[in-house]
**Student:** 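Let me give you the structure first, and then I'll get to my questions.
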Amino acid sequence: KFVFGAVNDVCPINGERRRPYIALGWAFCAVALWFLAMMPLPAPYWCIDEDSGRYITTARHRHDGVKVAAEPCNAQAPLAGGPFALAMMVASFGYCVSDV
């Protein structure tokens, strides 16, 4: 925040120091949050049991009855988090710029 405060004090936009940075920061935040709201959710990592509606996270081993992790339905689900994290980072950046 210190850097953003120094930048808006040293580099005024159209002769104004705070107002343009507040508007730009909220615009960044609004666009990032709109993008985040419009992104579809990926398929879940675990399969869903049709009877109970719960996620199937464990399976029993056939020979000795030991519980082991079930096979995921969408093994690529953890990789789908990157765009969500990026949109949240841009929204946080916009908030920090506008809050100074």
Side-chain angles (χ1 to χ4, degrees):
K1 278 180 102 172
F2 173 75
V3 173
F4 298 135
V7 168
N8 72 21
D9 283 342
V10 173
C11 302
I13 298 175
N14 289 335
E16 295 188 25
R17 295 178 187 270
R18 304 255 190 261
R19 199 174 319 175
Y21 287 98
I22 292 171
L24 286 173
W26 282 121
F28 267 102
C29 188
V31 168
L33 291 176
W34 179 83
F35 179 72
L36 188 62
M38 294 298 124
M39 287 175 48
L41 291 175
Y45 183 76
W46 297 111
C47 300
I48 298 175
D49 185 18
E50 293 178 8
D51 297 330
S52 67
R54 294 181 158 181
Y55 290 115
I56 302 170
T57 57
T58 58
R60 291 197 182 271
H61 192 273
R62 292 184 182 177
H63 302 295
D64 55 6
V66 175
K67 288 185 178 181
V68 294
E71 290 293 320
C73 285
N74 182 11
Q76 301 300 319
L79 301 177
F84 290 97
L86 181 64
M88 288 186 277
M89 284 177 18
V90 172
S92 297
F93 172 77
Y95 174 75
C96 285
V97 169
S98 67
D99 191 41
V100 174

**Student:** With clusters defined by side-chain heavy atoms of hydrophobic residues (ILVMFWY) lying less than 4.5 Å apart, directly or transitively, does Phe35 cluster with Leu41?
**Tutor:** yes
**Student:** Group every Ile, Leu, Val, Met, Phe, Trp and Tyr by side-chain heavy-atom contacts under 4.5 Å, then state whether Trp34 and Val90 land in the same group.
**Tutor:** no
**Student:** Go through the structure and list residues passing side-chain hydrogen bond (donor to acceptor under 3.5 Å, both in side chains) with Asp49, not counting sequence neighbours.
**Tutor:** Ser52
**Student:** Do any side-chain atoms of residues 69-81 form donor-acceptor pairs under 3.5 angstrom with protein atoms, and if so which ones, sequence neighbours left out?
**Tutor:**
| from | atom 1 | to | atom 2 | distance (Å) |
| --- | --- | --- | --- | --- |
| Asn74 | OD1 | Gln76 | N | 3.3 |
| Asn74 | ND2 | Ala43 | O | 3.0 |

**Student:** Side-chain heavy atoms nearer than 4.5 Å, only ILVMFWY residues, links allowed to pass through others: does that put Val31 and Leu24 together?
**Tutor:**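 Unlinked, Val31 and Leu24 end up in two clusters.
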**Student:** Can you check whether Trp46 reaches Thr58 side chain to side chain, under 4.5 Å on heavy atoms?
**Tutor:**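 Side-chain contact under 4.5 Å: no.
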**Student:** How close do Arg17 and Val10 get, counting heavy atoms only, and between which atoms?
**Tutor:** NH1-N, 4.3 Å
**Student:** Let me know which of Asp99, Ile13, Asp9 forms a side chain to side chain contact (heavy atoms under 4.5 Å, CB included) with Tyr21.
**Tutor:** Ile13
**Student:** Evaluate whether atom OH of Tyr55 has more than 12 neighbouring non-hydrogen atoms of other residues, nucleotides or ligands under 6.0 angstrom away.
**Tutor:**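 Check fails, neighbour count at 12 or below.
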**Student:** Please say yes or no: joined through hydrophobic side-chain contacts below 4.5 Å, possibly via intermediate residues, are Met39 and Leu33 part of one cluster?
**Tutor:** yes
**Student:** Tell me, please, which residues at least two apart from Tyr95 pass ring-ring contact (aromatic ring centres under 6.0 Å, His included).
**Tutor:**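 Applying ring-ring contact (aromatic ring centres under 6.0 Å, His included) to Tyr95 gives Trp26.
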**Student:** Please check if atom CZ in Arg18 has more than 12 non-hydrogen atoms from other residues, nucleotides or ligands closer than 6.0 Å.
**Tutor:** yes
**Student:** Can you give me the closest heavy-atom contact between Ala32 and Ala87, atom names plus distance?
**Tutor:**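 So the minimum-distance heavy-atom pair works out to CB-O, 3.4 Å.
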